Trainee: 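Dropping a structure here in structure tokens format, bear with me for questions.
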Amino acid sequence: MSTKRTLDNFFTPPLVSIKKRRLSVPDADELVACSVSHVPPSEHPTYPFAVAQLPAPLLAQFDYLPSADPRHIADQPDLDLLYYQPFLPRDLATAYFNHLRQSLFFYRVTYPIKRGPVETIIRTPRYTTVFGLDDTALFSSTGDAGSILDARTKQPVPSSAYKCRPRPLPGCLDALRRATEATTGRQWNFCLVNYYAGGADSISYHSDDERFLGPDPAIASFSFGATRDFLMKHKPSATETGLSSIEGAGKGAQTIARDKPLKLPLASGDMVLMQGATQANWLHSIPKRAGRDADKGRINITFRRALVRGGTENYYRYNVGDGGVFKWNEASQEMTPWDAKAKQDEDVKVG
DNA sequence: GACTATAATAGAA
DNA sequence: ATTCTATTATAGT
């Protein structure tokens with residue numbers, strides 16, 4: 001039997017009001033919490049291994065975010081972004097990046113896609129992992145740590161309700177979620193994590209406009225580690241296509257200055273909040289890149305809110321899948337298959 | 001500025 | 001939501 005392993009760490013963190021400036025010295029409880037750092041790692045029956053908590057000195061800095069005011073980007077049709085440049089100070093972002101890469105488990109999902117008559121297996125060109133549960137359900141915080149409750153009735157939902165095994169956010173990600181919610185006034189129940197090992201890893205143009213997110217979803221997207229270009233372009237529209245062809249023949253018709261593609265070089269600690277009509281009308285991508293820095297890793301974290309069970313199923317299907325677990329290998333500086341039996345040694349802590 | 005190599009982009013499957 | 005190929009842009013000399 002395992003020792004007491006409640007989920008309190010996950011869901012009832014000490015709520016601290018966000019304030020730009022600290023007006024008082026830390027009280028006794030805070031001093032204890034900071035110095036001892038005996039908070040156990042986050043565990044859950046669905047985790048392949050426990051996830052280390054953030055070191056207290058790092059966690060403490062989350063009370064002072066964001067470190068910069070956002071820039072509102074809404075000068076084009078259907079575009080509505082808040083760009084925090086950065087949201088986390090660079091030093092904190094770097095330390096957070098190292099902690100996450102070293103502590104989380106990742107997957108390399110494969111899935112079939114049909115191109116014309118041919119079906120091919122796609123190996124997702126990045127590492128992924130996901131945590132969270134849609135609005136219809138809750139993780140039990142007492143009793144069986146693995147159980148899921150109906151959000152309304154608080155009764156256990158049958159295990160057959162989900163084909164996947166939803167997992168709660170570990171403490172180190174929940175800290176960022178709380179800080180982001182406090183800043184934006186929004187709420188999210190999902191955390192998706194992408195690891196781009198180098199310039200060859202990418203994500204092609206798409207929108208996060210799934211039905212299960214509801215209309216005009218707000219999505220917070222963080223960057224840590226290597227700087228990568230974030231491209232955005234307006235979805236092609238019938239009217240636009242027609243206009244452009246006519247415009248070529250017209251005499252004085254200038255190319256209309258709207259719907260211009262955007263290129264944001266997202267640096268470590270940056271956050272982009274995509275909101276309003278953005279997802280319904282714009283595509284975004286992280287294209288492959290060659291040359292310098294093509295070997296440096298980047299972690300992307302997005303917070304989303306799934307409204308129904310279909311969202312949970314979708315996110316676990318495409319971000320966990322059914323393949324093996326990968327873990328960062330500090331010695332070889334790469335993601336390596338994690339062997340559940342031959343429990344690997346812990347990575348050497350940097351610093 | 002021209003020439004060449006490499007990178008970025010756009011379109012098709 | 002990817003990969004391949006062709007086309008265009010950029011960087012270096």
Side-chain angles (χ1 to χ4, degrees), chain A residues 76 79 106-130 132 163-164 190-214 217 219 221 223 226-245 247-248 255-267 272 274 278-304 306 310-323 326 335:
Chain A
Q76 299 196 60
L79 184 64
F106 290 90
Y107 305 86
R108 199 90 182 194
V109 177
T110 61
Y111 57 93
I113 189 178
K114 42 186 178 287
R115 292 195 301 222
V118 191
E119 178 173 281
T120 56
I121 301 299
I122 296 297
R123 188 164 182 264
T124 304
R126 60 194 172 279
Y127 295 91
T128 58
T129 196
V130 64
K163 282 177 285 194
C164 56
F190 260 96
C191 178
L192 277 62
V193 183
N194 291 292
Y195 179 67
Y196 299 83
D201 280 358
S202 65
I203 190 167
S204 49
Y205 270 114
H206 70 284
S207 297
D208 298 315
D209 57 354
E210 308 284 3
R211 291 288 295 271
F212 54 74
L213 296 176
I219 298 175
S221 179
S223 290
T227 298
R228 287 290 294 267
D229 284 337
F230 182 70
L231 272 46
M232 296 191 72
K233 68 178 181 183
H234 199 282
K235 290 182 183 179
S237 67
T239 50
E240 190 179 350
T241 308
L243 283 178
S244 65
S245 62
E247 177 219 329
T255 299
I256 304 177
R258 73 174 73 109
D259 294 3
K260 244 190 3 253
L262 295 184
K263 182 190 292 187
L264 304 180
L266 299 184
V272 176
M274 297 176 277
T278 302
Q279 296 300 341
N281 297 280
W282 287 72
L283 302 165
H284 55 270
S285 77
I286 300 284
K288 295 183 192 304
R289 281 293 180 257
R292 62 183 183 2
D293 294 342
D295 60 335
K296 292 187 170 47
R298 169 183 181 261
I299 285 178
N300 167 245
I301 295 175
T302 56
F303 294 110
R304 304 135 183 263
T312 298
E313 303 285 15
N314 179 288
Y315 280 150
Y316 284 92
R317 168 67 186 91
Y318 289 106
N319 295 281
V320 175
D322 46 23
F326 286 83
M335 290 290 169

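All of these numbers come straight from a predicted model, not from anything done at the bench. Order of the sequence lines fixes the chain letters, A, B, ..., with proteins taken first and strands second; residue numbering starts at 1 for each chain.
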Trainee: Tell me the interatomic distance from Tyr111(A), atom OH, to dT3(C), atom P, rounded to whole angstroms.
Mentor: 8 Å
Trainee: For Tyr318(A), answer base if it contacts any base atom (sugar-phosphate contacts may also be present), sugar-phosphate if it contacts only those atoms, and nothing otherwise; contact means non-hydrogen atoms under 4.0 Å.
Mentor: nothing
Trainee: So, taking the atom named CD1 in Ile286(A) and the one named OG in Ser202(A), what distance separates them when rounded to the nearest 0.5 Å?
Mentor: 9.0 Å
Trainee: Please report the distance, rounded to the nearest Å, between CZ in Arg108(A) and P in dA1(C).
Mentor: 15 Å
Trainee: Just how far is it from atom CG of Leu213(A) to atom CZ of Phe190(A), taken to the nearest 0.5 Å?
Mentor: 9.5 Å
Trainee: Assign the ring pair Tyr318(A) / Tyr111(A) to parallel, tilted or perpendicular, where the plane angle (0 to 90°) is split at 30° and 60°.
Mentor: perpendicular
Trainee: Sequence neighbours left out, what pairs pass salt bridge (Lys or Arg N to Asp or Glu O under 4.0 Å) with at least one residue falling in residues 194-208 of chain A?
Mentor: Arg108(A)-Asp201(A), Asp208(A)-Arg304(A)
Trainee: Which residues pass the side-chain contact (heavy atoms from CB on, under 4.5 Å) test with Arg211(A), sequence neighbours left out?
Mentor: none
Trainee: Which nucleotide in the set dA1(C), dA7(B), dT3(C) lies at the smallest distance from any side-chain heavy atom of Pro125(A)?
Mentor: dT3(C)
Trainee: Take the protein atom CZ of Arg126(A) and the nucleotide atom P of dT3(C), then report the distance between them rounded to whole Å.
Mentor: 9 Å
Trainee: Please write out each protein N/O paired with an N/O of nucleotides 10-13 of chain C under 3.5 Å, distance rounded to 0.1 Å.
Mentor:
none

Trainee: Output the distance between atom SG (Cys191(A)) and atom CD1 (Ile301(A)), rounded to the nearest 0.5 Å.
Mentor: 5.5 Å
Trainee: Could you check whether the rings of Trp282(A) and His234(A) sit parallel, tilted or perpendicular, using 30° and 60° as the cut-offs?
Mentor: perpendicular
Trainee: Nearest to the side chain of His206(A), heavy atoms from C-beta on, is which of dA1(C), dT3(C), dA8(B)?
Mentor: dA1(C)
Trainee: Tell me what Ile113(A) touches on the nucleic acid: a base, only sugar-phosphate, or nothing, going by heavy atoms under 4.0 Å.
Mentor: nothing
Trainee: For Asn319(A), give me all partners under side-chain contact (heavy atoms from CB on, under 4.5 Å), at least two apart in sequence or on another chain.
Mentor: Thr128(A), Val130(A), Leu192(A), Tyr315(A)
Trainee: Are any protein N/O atoms closer than 3.5 Å to N/O atoms in nucleotides 9-13 of chain B? If there are, list each pair with its distance.
Mentor:
| from | atom 1 | to | atom 2 | distance (Å) |
| --- | --- | --- | --- | --- |
| dT9(B) | OP1 | Lys263(A) | NZ | 3.1 |
| dT9(B) | OP2 | Arg289(A) | NH1 | 3.3 |
| dT9(B) | OP2 | Arg289(A) | NH2 | 2.9 |

Trainee: Mind checking what makes side-chain contact (heavy atoms from CB on, under 4.5 Å) contact with Thr110(A), not counting sequence neighbours?
Mentor: Ile121(A), Arg123(A)
Trainee: Using whole Å, report how far CZ of Arg123(A) lies from P of dA1(C).
Mentor: 17 Å
